[in-house]
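First up is the structure itself, then whatever we jot down about it.
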Amino acid sequence: MTTPSSAIAVTGLRKSFSTHVVLDGIDLDVPEGTVFALLGPNGAGKTTTVQILSTLLAADGGELRIAGHDPTRHPDRVRAAIGVTGQFSAVDNLLTGEENLRLMAHLRHLGRRAARDRVTELLDRFDLVDAARKLVSTYSGGMRRRLDLAMTLVGEPRIIFLDEPTTGLDPRSRRTMWRIVRDLVADGVTIFLTTQYLEEADQLANRIAVLDGGRLVAEGTADELKRMIPGGHVRLRFADLFLLDAAARRLVGSVRDDDALALQVPTDGSVRDLRALLARLDGESIEVDTLSVHTPDLDDVFLALTGQAKQEQETVR
C-alpha cells in the first residue's frame, strides 16, 4: 500500500457517526517533504480526516500508515512523528512566549540543555526573540500563530497537520506563515493542510484534494484541477479590424470585441493547445499583437466540484 517516500498513505478510509457516513472510503498518498491541501465545504469530513490521521479518533475501516506506522497498532510511534496545529491557538495566555515553549519542551521530555537550545532556536526562527518574555495575552494574532506553530515544532515532527493556520490573520501575517511553511518543507517536513483560503492552497500545495460528502471528488496539482473546469480562454488582440475579421472567420466559436480589437478563444490553458492556436494563425499569416491566457481559479474549481456558493466558502471547515 505504501512506498518509502509516502509520509501519509491511506486506503479505503471510512468513518460514520451513528447512521451518518462522514468518510466513505477515501484514498490518500502524501509524499514526504510536500504540502498536501485538503479542501471541502462544511461537513465534508476534513476535520474528521485530520483527527483520524493524528490518532485523535479511530477509523471504522481502511488501512492507514503515518510515517510508516499504523496509528491503530502503534499510536505512540505516530504521535512521536507528528505535530498538530489547530485552528485555535493552544498557547497559554498567562505565560510568556518563552515559558510556553519551555513547557512544551518539558512535555516532550527534553533535557534541560536540549530544551534551552531548542527554545532559543525556535524563538529566533519565528522572530519572537523581542517578545519572548512578554505575556502571550499581549501578542498579536500573527505572533500567536507563529508561537503555536513553534510549540508544535519543539519535538521536531516530520509530519505537521495544519488546520486552517491563517484564519483571522491580516495579509502580511498570512504571507509570513506561508514563508514559514515553505521553509519547513525545504527542510523535508511534510505538511497536511486544511484551509478556507483557496489562494493559500494555490500558493503552497504540491497537491490538492477536494472532499465533498465524505468522498474525494478530485485530486491533483492546482493547475490540473483548474484545467478540469471549463471557462479557460485566450484573449488575442490585433492591430486592426482587418486582422480581427480574418481571425474571427477562422476560429469558430470565438467571441469578438470590436472596440478592443480582441478575440476570446476557448482553450484548456495547456501549452499544447496554445501552440496549436498560434500555429494555426501563423499558417494563415494572421499576426497577433498581444496575447493573454485566462484560466479558472480554485474558486471556480471549488464551486464546480462541490456546488457551494462563493460566500459559503468563507466558512469552509
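With Phe192 as the partner, the side-chain contact (heavy atoms from CB on, under 4.5 Å) test is satisfied by one option alone out of Thr34, Leu38, Leu162: Leu38.
Electrostatic pairing of Asp148 and Arg146 does not count as a salt bridge here, judged by no charged N lying under 4.0 Å from a carboxylate O. Comment: Asp70 engages Arg65 in a salt bridge, judged by a side-chain N to carboxylate O separation of less than 4.0 angstrom. Between Arg118 and Glu121 there is a salt bridge, since a side-chain N of the basic residue sits under 4.0 Å from a carboxylate O of the acidic one. Note on Glu199 versus Arg175: salt bridge recorded, some NZ/NE/NH1/NH2 to OD/OE distance being below 4.0 Å. Checked for salt-bridge contact, Asp24 and Lys15 miss the test: no charged N lies under 4.0 Å from a carboxylate O.
The main-chain N or O of Ser16 is found under 3.5 Å from a side-chain atom of Asp60 such that the two form a donor-acceptor pair. Proximity of a side-chain donor or acceptor of Asp300 to a complementary backbone N or O of Asp297 within less than 3.5 Å is detected.
If you check the side chains of Asp212 and Thr306, you find no donor sitting under 3.5 Å from an acceptor. For the 3.5 Å distance criterion, the side chains of Glu32 and Ser6 fail to qualify, holding no donor opposite an acceptor. No side-chain donor from either of Asp117 and Thr120 sits under 3.5 Å from a side-chain acceptor of the other. Checked by atom type, the side-chain pair Thr195/Glu164 shows no donor-acceptor distance below 3.5 Å. Between the side chains of Gln203 and Arg182, at least one donor-acceptor pair of N or O atoms lies under 3.5 Å.
There is a path of hydrophobic side-chain contacts, each under 4.5 Å, that joins Leu123 to Leu149. Hydrophobic cluster membership is shared by Ile52 and Val30, with clusters built from Ile, Leu, Val, Met, Phe, Trp and Tyr side chains linked at under 4.5 angstrom.
Using a 4.5 Å heavy-atom cutoff, the side chains of Val136 and Leu147 are in contact.
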For residues 124-134, dump all side-chain donor-acceptor pairs below 3.5 Å to protein atoms at least two apart in sequence or in another chain.
residue, atom, partner, partner atom, Å
Arg125, NH2, Asp187, OD2, 3.1
Arg133, NE, Glu98, OE1, 3.4

Acceptor/donor pairs from residues 74-82 side chains to any protein atom, 3.5 angstrom cut, sequence neighbours excluded:
residue, atom, partner, partner atom, Å
Asp76, OD1, Arg79, NH1, 3.3
Arg79, NE, Thr55, OG1, 2.8

**Request:** Evaluate salt bridge (charged side-chain N to carboxylate O under 4.0 Å, His left out) for Asp258 paired with Arg256, printing each intermediate quantity in order.
**Result:** CA-CA 6 Å; Asp258 288 6; Arg256 59 187 292 163; 2.7 Å; yes
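Counting heavy atoms of neighbouring residues, nucleotides and ligands inside a 6.0 Å radius, atom CZ of Phe242 does not exceed 12 of them.
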